[in-house]
Trainee: 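Just dropping this structure here.
In this text the structure is predicted, and so the values were computed from the model without any measurement. One-based numbering, in listed order, for ligands and for the atoms of each.
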Amino acid sequence: MSTTSRRGLFLTFEGLDGCGKTTQMHLLAERLRARGETVIETVEPGGTEIGMGIRRILLDPRNDNMGSEAEMLLYFAARAQNVHEVLEPAVARGEIVMSDRWTDSTWAYQGYGRELGTEVVRDLDAIACRGRRPDVTFWIDIDLEASLLRARSRNQERAEQDTRMDDQSRAFYERVYQGYLALEETEPERVVRIDGRGSVETVAERVMAAFEARRGSHV
Ligand code: TMP
């Protein structure tokens, strides 16, 4: 965990749809709060009011003719506002910020899934996030079959909103998964792959152990 960690810590949770990252983030946040840490939880897209508006546009199934470039820029617009409004102030106060998805999702979903490439994702990230990168990223890894199953059952429970991404083809999700694999290979010091199989508690123990290991060796 780099120099930013002394003035707060920025942790992100990543993975395929339905991997359980949201639950795992809440559980880690609760455990750290119980130890007296101040933890801010946020989500991308949607961690600010402006971001919520952008999320509605992005995930609205009626917008199925949205171009890939417009989509990528909207994700970055939401994130830029989050950096401005939530992330930077909290890290400056010395708090722990956790985000449910961040630029690695754009790397995997737009860079690989939409085949826009990773260079443009890096370039836009430098602008939108003002050079701030996560200290540690937990990639909750479940395989594609498990992800598709969970996404489908989640769709049946939800209203029609928030389903545009879930309607993507299988080939798309295969590329997204390749994106996460490549990410781990590219930045092994930051990206921790967590086996997402097993009970919620089992996975939570793995996340906690990985957090302690990183914290112990870097902070
Ligand atoms: P969520 O269900 O985890 O909140 O994510 C919403 C969807 O948005 C999910 O299918 C992944 C997608 N997404 C991208 O395609 N690119 C991004 O940069 C982000 C943050 C999410």
Trainee: Take Val207 and Leu27 through the test side chain to side chain contact (heavy atoms under 4.5 Å, CB included) and record every step on the way to the result.
Mentor: CA-CA 9 Å; Val207 171; Leu27 288 173; over 6 Å; no
Trainee: Determine whether the side chain, the backbone, both or neither of Met72 has a heavy atom under 4.0 Å from any heavy atom of ligand 1.
Mentor: neither
Trainee: On the six-membered ring of Phe172, is Arg175 placed so that its NZ or CZ lies under 6.0 angstrom from the centre and within 45° of the ring axis?
Mentor: no
Trainee: In terms of atom number and element, which parts of ligand 1 are under 4.0 angstrom from non-hydrogen atoms of Ser105?
Mentor: 16 (N), 17 (C), 18 (O), 19 (C), 20 (C)
Trainee: Have a look at ligand 1 and work out which part of Arg55, if any, has a heavy atom under 4.0 Å from it: side chain, backbone, both or neither.
Mentor: side chain
Trainee: Has Arg197 got more than 12 heavy atoms of other residues, nucleotides or ligands less than 6.0 Å from its CZ?
Mentor: no
Trainee: Between Arg101 and Tyr109, is any side-chain donor less than 3.5 angstrom from a side-chain acceptor?
Mentor: yes
Trainee: List every atom of ligand 1 that sits less than 4.0 Å from any heavy atom of Gln110, numbering the atoms from 1 in the order shown and giving each element.
Mentor: 14 (C), 15 (O), 16 (N), 17 (C), 18 (O)
Trainee: Going by an N to O cut-off under 4.0 Å, is there a salt bridge joining Glu212 and Arg215?
Mentor: no
Trainee: Using a plain distance cutoff, I'd like to know if Tyr75 has any nitrogen or oxygen under 3.5 Å from a nitrogen or oxygen of ligand 1.
Mentor: yes
Trainee: Considering the options Thr106, Leu183, Thr118, which one meets the side-chain contact (heavy atoms from CB on, under 4.5 Å) requirement together with Tyr112?
Mentor: Thr118
Trainee: May I ask you to list the atoms of ligand 1 that are less than 4.0 angstrom from any heavy atom of Asp17?
Mentor: 9 (C), 10 (O)
Trainee: Compare Glu71, Glu44, Arg79, Arg101 and give the one whose heavy atom is closest to atom 1 (P) of ligand 1.
Mentor: Arg101
Trainee: Determine, for Glu145 against Arg170, whether the closest basic-nitrogen to carboxylate-oxygen distance falls under 4.0 angstrom.
Mentor: yes
Trainee: Below 4.0 angstrom from a heavy atom of Thr106, which ligand 1 atoms are there? Numbered from 1 as shown, please.
Mentor: 17 (C), 18 (O)
Trainee: Consider ligand 1: state whether an atom of it lies below 4.0 angstrom from any non-hydrogen atom of Lys21.
Mentor: yes
Trainee: For ligand 1, is there an N or O atom under 3.5 Å from any N or O atom of Tyr109?
Mentor: no
